[in-house]
Amino acid sequence: MTAPTKPPHSSPADDVSGADLHAPVIDWFDDHARDCPWRHPEAGAWAVMVSEFMLQQTPVSRVLPVYEQWLARVPRPADLAADAPGEAVRAWGRLGYPRRALRLHGAAVAITERHGGDVVGTTAQLLALPGIGEYTAAAVASFAYGQRHAVLDTNVRRVFARAVTGVQYPPNATTAAERRLARALLPEDEGTAARWAAASMELGALVCTAKNETCVRCPIAGQCAWRLAGKPEHDGPPRRGQTYAGTDRQVRGKLLAVLREAHAPVPQEALDQVWQEPVQPPRALDGLVPDGLVEPLPGGTYRLPLT
DNA sequence: TATTCGTGGAC
DNA sequence: TGTCCAAGAAT
């Protein structure tokens, strides 16, 4: 008797159905999901898209107030497209990563010019928009249009790493094996798949967190490979953290904070005051211009971009 | 593939 | 108190 030949690229995903995970996770979601406005029935595709841009690398609690003001100000893509990009940066406030505001503005322009103001509904169309990558395209298609996609964000990747693969953390970058696993775990039914995507993400955000996970509240703790293995700690290369204090990145933030508050061009001498050390402000300012976040004017003044 | 890009809350 | 982390994308 010969053992069956393993196909190339075989992985744990090939042996996983996920059928035992769907119902408990979705039932848990029905009882414990946070009440986020972008999940309400009246939230359309534009609202979902706005929320996904804002939620990139940003916690829900900080997104909520900006999200509400944003949709009140620009309830349709065409409303944002009609604004100057600098107005989007100003309305972005202190959410962080302000290039997301420029990209969302660019996406609204493209939607308005190329698609008649209607948010596109296929992942290929979504991927063609600025600021939309693999995750956000799948998320908008799934959450706004109920389509069946593997939605692989940091939460889902961690849940799968633990529950299925049996390790504490997923790899630093998303791997082909993770994509295969996510597709293998996807429920066949379209509506169930969309529900599963949101539910598994929420589980990672609320229970199966990066630190201080609360397995006692987990609906699949009894099937979790990592927990059943005694929750071994992550081994391998350290997951490198981010340094921020004292970097040009921090200076960029301070410069933009001044420009967001100003409603007239600001002289460079004033901008240099945001930082004690003399070299970093001009350098950071020079970096903001090619990024399209700051517009230089004749005479050495600066403002948020009008074009 | 590894870096860069903000901000603030939790511990 | 400093470290870690949060629904990634672009290059």
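Order of the sequence lines sets the chain letters (A, B, ...), proteins ahead of strands, with each chain counted from 1.
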Query raised in the report: When you compare B:dC5 with C:dC5, how far apart are their C1' atoms, in angstrom units rounded to a whole number?
Result: 16 Å
Report summary line: Ranking A:Asp153 and A:Gly131 by the position along DNA chain C of their nearest nucleotide, the one closer to 5' is A:Asp153
Query raised in the report: For residues A:Arg100 and A:Thr58, is any side-chain donor paired with an opposing acceptor at under 3.5 Å?
Result: yes
Query raised in the report: Do we see a donor-acceptor contact under 3.5 Å between the side chains of A:Gln56 and A:Tyr135?
Result: no
Requested in this report: Taking the side chain as every heavy atom from C-beta outward, state whether A:Leu80 and A:Leu104 have any pair of such atoms under 4.5 Å apart.
Outcome: yes
Query raised in the report: How is A:Ala245 classified with respect to the nucleic acid when contacts are heavy atoms under 4.0 Å: base, sugar-phosphate, or nothing?
Result: nothing
Query raised in the report: Should the ring pair A:Phe160 and A:Trp196 be called parallel, tilted or perpendicular, given that the plane angle runs from 0 to 90° and is split at 30 and 60?
Result: parallel
Query raised in the report: What does nucleotides 1-11 of chain B look like as a protein-contact string, B for base, S for sugar-phosphate only, - for none, at under 4.0 angstrom between heavy atoms?
Result: ----BBBS---
Report task. Using modelled atom types only, decide if a donor and an acceptor are shared between the side chain of A:Thr214 and the backbone of A:Arg217 within a distance under 3.5 Å. Result -> no
Requested in this report: Please assess A:Glu213 against A:Lys231 for the test salt bridge (charged side-chain N to carboxylate O under 4.0 Å, His left out), listing each intermediate value before the final yes or no.
Outcome: CA-CA 11 Å; A:Glu213 70 281 354; A:Lys231 298 171 73 168; 2.9 Å; yes
Report summary line: 5'-most to 3'-most nt of DNA chain C touching chain A (<4.0 Å, heavy-atom partner on protein side) reads C:dC4 to C:dA10
Query - N-O pairing of A:Asp286 and A:Arg283 below 4.0 Å - result: no
Report task. Take atom P in B:dG6 and the same atom in C:dT11, then report the distance between them in whole Å. Result -> 14 Å
Query raised in the report: Base, sugar-phosphate, or nothing: which does A:Trp38 touch, judged by heavy atoms less than 4.0 Å apart?
Result: base
**Report entry** Carboxylate-amine/guanidinium proximity below 4.0 Å for A:Glu188 and A:Arg148
**Finding:** yes
Query raised in the report: With sugar-phosphate meaning primed atoms plus P, OP1 and OP2, does A:Thr154 contact a base, only sugar-phosphate, or nothing at under 4.0 Å between heavy atoms?
Result: sugar-phosphate
Query raised in the report: With a 4.0 Å cut-off on heavy atoms, is A:Ala139 in touch with a base, just the backbone sugar-phosphate, or nothing at all?
Result: nothing
Query raised in the report: Is it the case that A:Thr247 and A:Gln250 place a side-chain donor and acceptor less than 3.5 Å from each other?
Result: no
Query raised in the report: Base, sugar-phosphate, or nothing: which does A:Arg158 touch, judged by heavy atoms less than 4.0 Å apart?
Result: sugar-phosphate
Query raised in the report: P atom, B:dC11 versus C:dA7: distance in rounded Å?
Result: 15 Å
